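Reviewing the structure listed below.
All figures in this text were calculated on a predicted structure; none of them were measured in a lab. These numbers come from the heavy atoms of this one structure, side chains and all, not from hydrogens, waters or symmetry mates.
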Amino acid sequence: MSYNDDKRELLKLKQGIIEKSDTIKEDKNGYGDKAVYEVVGVKNKISNFFYHYKWHVIVTAFVAAVAAFLIISTVTREKGDIRILAFAQTTETAGSLYYKSMDIELALEQYTGDYDNNGYTHVDFYFMNINKDQDMNYYYTNQTKLFSEIGLGVSQMYIADKASILAILGEQDEEKAFEDLSALYPDDPQVTDKYYYKVKGSKFAEAALYVESCPEDMYIVVRNENFSSYNSGGNDIAEYHRRAMEVMDNIVNDKKINES
């Protein structure tokens, strides 16, 4: 019997149409002459409960489902063998990086080893748009995220336009902040101005399906041990740097660890 049937049964009792109900019992104990009617039967009680508290149940179930989704996503999310930051001030490069993020990430994974020995390779590729032409709330949010990531020191490799790379230096000199790629790869034509590996025209651009649309002003740099804003990561920082240098070497020499 539904809750509406119970209501009709109760109304008949109050009006004296019937004297007794099989589903609703009358209890006058402790209430003087005022009758208190109790719904009996498990099915009827369940129906009565949901009639009164259905929105509480729906909201609680929704919150529980969202919480479960977030927990499962966090637990099952692939952990990165390396973290690489991408950011841009110019409109062209920002749009291009955003559009090609997945292809760039997949290309980077071709040059990255299974450093944590978990059976698969994954690159945490973080893109942050720091172009001032966008909504300023997003701009400040992305800028804060970028400098927070730089401060953590987990990412030792950056992909960005030249202006953005120089912007993150603050008062530092390039010589102290970045690895001198020209000293490591003196004959590589993609290395420009000592510290910058030009993406356009490289084998890496081919791997990322980025041959034609890649902006001229896009570079890869690797920070060195003198880069400021390090946290106290100790040996972890040294390991992150070692991985970045190895991936950089694989990119320069087009040494693919994982063919797509």
Side-chain angles (χ1 to χ4, degrees), residues 80-113 121-134 138-139 142-143 145-146 149-150 154-169 174 177-224 227 243-260:
D81 294 282
I82 188 173
R83 181 177 299 175
I84 296 175
L85 302 184
F87 46 95
Q89 286 187 335
T90 65
T91 301
E92 179 187 10
T93 306
S96 184
L97 278 171
Y98 175 78
Y99 179 73
K100 294 292 293 183
S101 288
M102 182 58 69
D103 287 330
I104 294 172
E105 180 179 312
L106 292 175
L108 288 167
E109 289 177 351
Q110 294 183 45
Y111 299 95
T112 301
T121 299
H122 177 63
V123 172
D124 283 333
F125 183 73
Y126 288 8
F127 167 65
M128 281 151 283
N129 184 356
I130 54 172
N131 180 359
K132 290 185 178 180
D133 290 337
Q134 66 181 313
Y138 288 113
Y139 167 75
N142 287 332
Q143 189 179 55
K145 287 168 56 179
L146 173 61
E149 285 291 335
I150 291 173
V154 177
S155 175
Q156 298 280 306
M157 179 181 290
Y158 308 141
I159 301 177
D161 57 274
K162 183 75 71 69
S164 298
I165 293 171
L166 294 175
I168 66 171
L169 289 175
E174 292 169 289
F178 301 128
E179 292 290 343
D180 185 350
L181 299 180
S182 66
L184 297 171
Y185 313 104
D187 299 322
D188 195 301
Q190 296 301 120
V191 177
T192 63
D193 298 330
K194 299 179 67 173
Y195 314 103
Y196 304 91
Y197 183 82
K198 188 173 183 178
V199 176
K200 180 78 170 181
S202 67
K203 291 293 184 180
F204 173 72
E206 294 180 14
L209 307 177
Y210 215 8
V211 177
E212 299 297 331
S213 59
C214 181
E216 292 286 342
D217 184 30
M218 184 181 292
Y219 301 90
I220 303 175
V221 294
V222 179
R223 60 193 279 177
N224 67 25
F227 197 106
R243 295 179 187 184
M245 290 301 295
E246 185 173 295
V247 172
M248 187 76 250
D249 188 72
N250 291 340
I251 289 174
V252 171
N253 292 300
D254 195 31
K255 181 182 178 181
K256 295 184 175 68
I257 306 298
N258 310 290
E259 292 282 359
S260 59

Going from OG1 on T90 to CG on N131, what distance comes out if it is rounded to the nearest 0.5 angstrom?
-> 7.0 Å
Measuring from I257:CD1 to D81:CG, what's the distance to the nearest 0.5 Å?
-> 11.5 Å
Knowing that exactly one of D249, N253, D180 qualifies, which makes a side-chain hydrogen bond (donor to acceptor under 3.5 Å, both in side chains) with Y185?
-> D249
Set of residues satisfying salt bridge (charged side-chain N to carboxylate O under 4.0 Å, His left out) with respect to E206, sequence neighbours excluded = K203
Partner residues of S96 under the side-chain hydrogen bond (donor to acceptor under 3.5 Å, both in side chains) criterion, sequence neighbours left out | Y210
Report yes or no: do Y111 and N258 form a side-chain donor-acceptor pair below 3.5 Å?
-> no
Flag for D133-T91: side-chain donor and acceptor within less than 3.5 Å = yes
Could you check F87 against D161 for side chain to side chain contact (heavy atoms under 4.5 Å, CB included), going step by step and ending with a plain yes or no?
-> CA-CA 8 Å; F87 46 95; D161 57 274; 6.0 Å; no
Pairs flagged by salt bridge (charged side-chain N to carboxylate O under 4.0 Å, His left out) wherever residues 209-221 is involved - sequence neighbours left out | K198-E216
Listed partners of Y139 passing side chain to side chain contact (heavy atoms under 4.5 Å, CB included), at least two apart = I130, K132, Q134, M136, Q143
Is I159 close to Y219 at the side-chain level, that is, under 4.5 Å between some pair of heavy atoms?
-> no
Mutual orientation of the aromatic rings belonging to F227 and F178 [parallel < 30°, tilted 30-60°, perpendicular > 60°] | tilted
Any salt bridge (charged side-chain N to carboxylate O under 4.0 Å, His left out) pairs touching residues 94-103, not counting sequence neighbours?
-> K100-D103
Non-neighbouring partners of K162 that pass side-chain hydrogen bond (donor to acceptor under 3.5 Å, both in side chains), sequence neighbours left out = D193
